[in-house]
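Worksheet: the structure to be examined is printed underneath.
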Amino acid sequence: MNIVLVDDDIEFSNKLKVDVKLYFKQLDENINFIVLNDSFDTIKDIDQIDLIFLDVDLNFEMNGIDIGAYLKSKFPKIIIVFVSMHEDFVFPALSIGFFQFIRKTKYDFDIVKVLKQIEDYLKENLKKICIKMDGRSYVVRLNDIKYIMSIGHDLYINTYQKEYLIYSSLKKFMDQISFDELVQIERSLVVNLNFIKRMDKTSVITLNDEEYFVGRKYQDELVRKYEEFLLR
């Protein structure tokens, strides 16, 4: 799991890094931890961010809320935990759809609660599947899949990192997984609800502005699942 900490307070960054790494070590999680204290530029080169602790009030060109909005558009499933000395910053941060808020003034109380909430969320949402391609096995997280397209007996699984090609029917693959955010919209196409920018009953527009039409058979189910997804 890739964890990033963005905070210009070096002393606080070091304390948070120690606490987070210790917590995830106890869970037997392998993590890659990146700390940014004086620049945001390098974060744009990171291929995947699963969890970020982000100071709201930064001495960067962009403040924490602007950075959060940018990362949310790039990584729709990112877990954003804002941190701040100022508790009232929680209100402007609401526009981002963040996961939690850590008050630096009440750090010892908040960090315990927030790390437990993150653990519970990861157990529920980071489901994985093993895919075999070209003689190799790949572990793919289901929420990284943008869409699945069936062409003949080939199945194209497109993720945020790469595309996988396997020999399988769409039905067989979908029967192997249990993940409500992957929804079938055509006989040969499944999309991730997180990858949808907007939709109506007959079409969806994805985050990269591609449009897909929704088959009549799948329209009611798509609307129902999308409404449930938005209400979570």
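Keep in mind that this is a model prediction, so the values were computed, not measured.
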Mind running side-chain contact (heavy atoms from CB on, under 4.5 Å) on Gln184 and Leu189 for me, showing each step along the way?
CA-CA 6 Å; Gln184 190 163 3; Leu189 183 64; over 6 Å; no
Verdict with supporting geometry, Leu222 and Leu193, side-chain contact (heavy atoms from CB on, under 4.5 Å):
CA-CA 9 Å; Leu222 172 63; Leu193 296 178; 4.1 Å; yes
In sequence, state the C-alpha distance, the side-chain angles, and the governing distance for Leu142 and Ile129, and then conclude on side-chain contact (heavy atoms from CB on, under 4.5 Å).
CA-CA 7 Å; Leu142 296 180; Ile129 189 169; 3.7 Å; yes
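In this structure, CE on Met1 lies 9.5 Å from CZ on Phe33, to the nearest 0.5 angstrom. Taken from CG in Leu16 to CG in Leu115, the straight-line distance is 8.0 Å, to the nearest 0.5 Å. Within the model, atoms OG of Ser84 and CD1 of Ile102 stand 11.5 Å from one another, a figure rounded to the nearest 0.5 Å. Leu51 contributes atom CG, which lies 4.5 Å from atom CD1 of Ile118 (distance to the nearest 0.5 angstrom).
Two rings, from Tyr160 and Phe75, have their centers 6.0 Å or more apart.
A donor-acceptor contact closer than 3.5 angstrom links the side chains of Glu181 and Asn194.
With respect to the salt-bridge test (charged N to carboxylate O, under 4.0 angstrom), the residues Asp220 and Arg224 do not qualify. We find that Glu221 and Lys225 are joined by a salt bridge, their nearest charged nitrogen and carboxylate oxygen being less than 4.0 Å apart.
Taking the side chain as every heavy atom from C-beta outward, Val140 and Tyr164 approach each other to under 4.5 Å. Taking 4.5 Å as the limit, every side-chain heavy atom of Val112 sits out of range of all side-chain heavy atoms of Asp108. Gln117 places a side-chain heavy atom less than 4.5 Å from the side chain of Phe99. Annotation: side chain of Leu170 is in contact with side chain of Leu155 (closest heavy-atom distance under 4.5 Å). Side-chain contact between Ile177 and Lys127 is absent, with no heavy atoms from C-beta onward closer than 4.5 Å. Counting heavy atoms from C-beta on, the side chains of Gln219 and Thr202 come closer than 4.5 Å. In this structure the side chain of Asn158 never reaches within 4.5 angstrom of the side chain of Ile148, judged on heavy atoms. Val6 places none of its side-chain heavy atoms less than 4.5 Å from the side chain of Phe53.
Judged by distance alone, the side chain of Glu119 and the main-chain N or O of Leu122 form no donor-acceptor pair under 3.5 Å. The backbone N or O of Arg136 lies less than 3.5 Å from no partner atom in the side chain of Asp134, so there is not a single donor-acceptor pair. Proximity of a side-chain donor or acceptor of Asn192 to a complementary backbone N or O of Leu182 within less than 3.5 Å is not detected. The backbone N or O of Ser188 lies less than 3.5 Å from no partner atom in the side chain of Glu186, so there is not a single donor-acceptor pair.
Using a 30° and 60° split on the angle between ring planes, Tyr107 and Phe12 fall in the perpendicular class, above 60°. Tyr167 and His153 have tilted rings, their planes meeting at an angle from 30° to 60° on a 0 to 90° scale.
Pairs passing the salt bridge (charged side-chain N to carboxylate O under 4.0 Å, His left out) check and including a residue from residues 45-55, sequence neighbours excluded, read Asp50-Arg141, Asp55-Lys104.
For the pair Lys201 and Tyr226, the cation does not sit on the ring face, since its NZ or CZ is not both under 6.0 Å from the ring centre and inside 45° of the axis.
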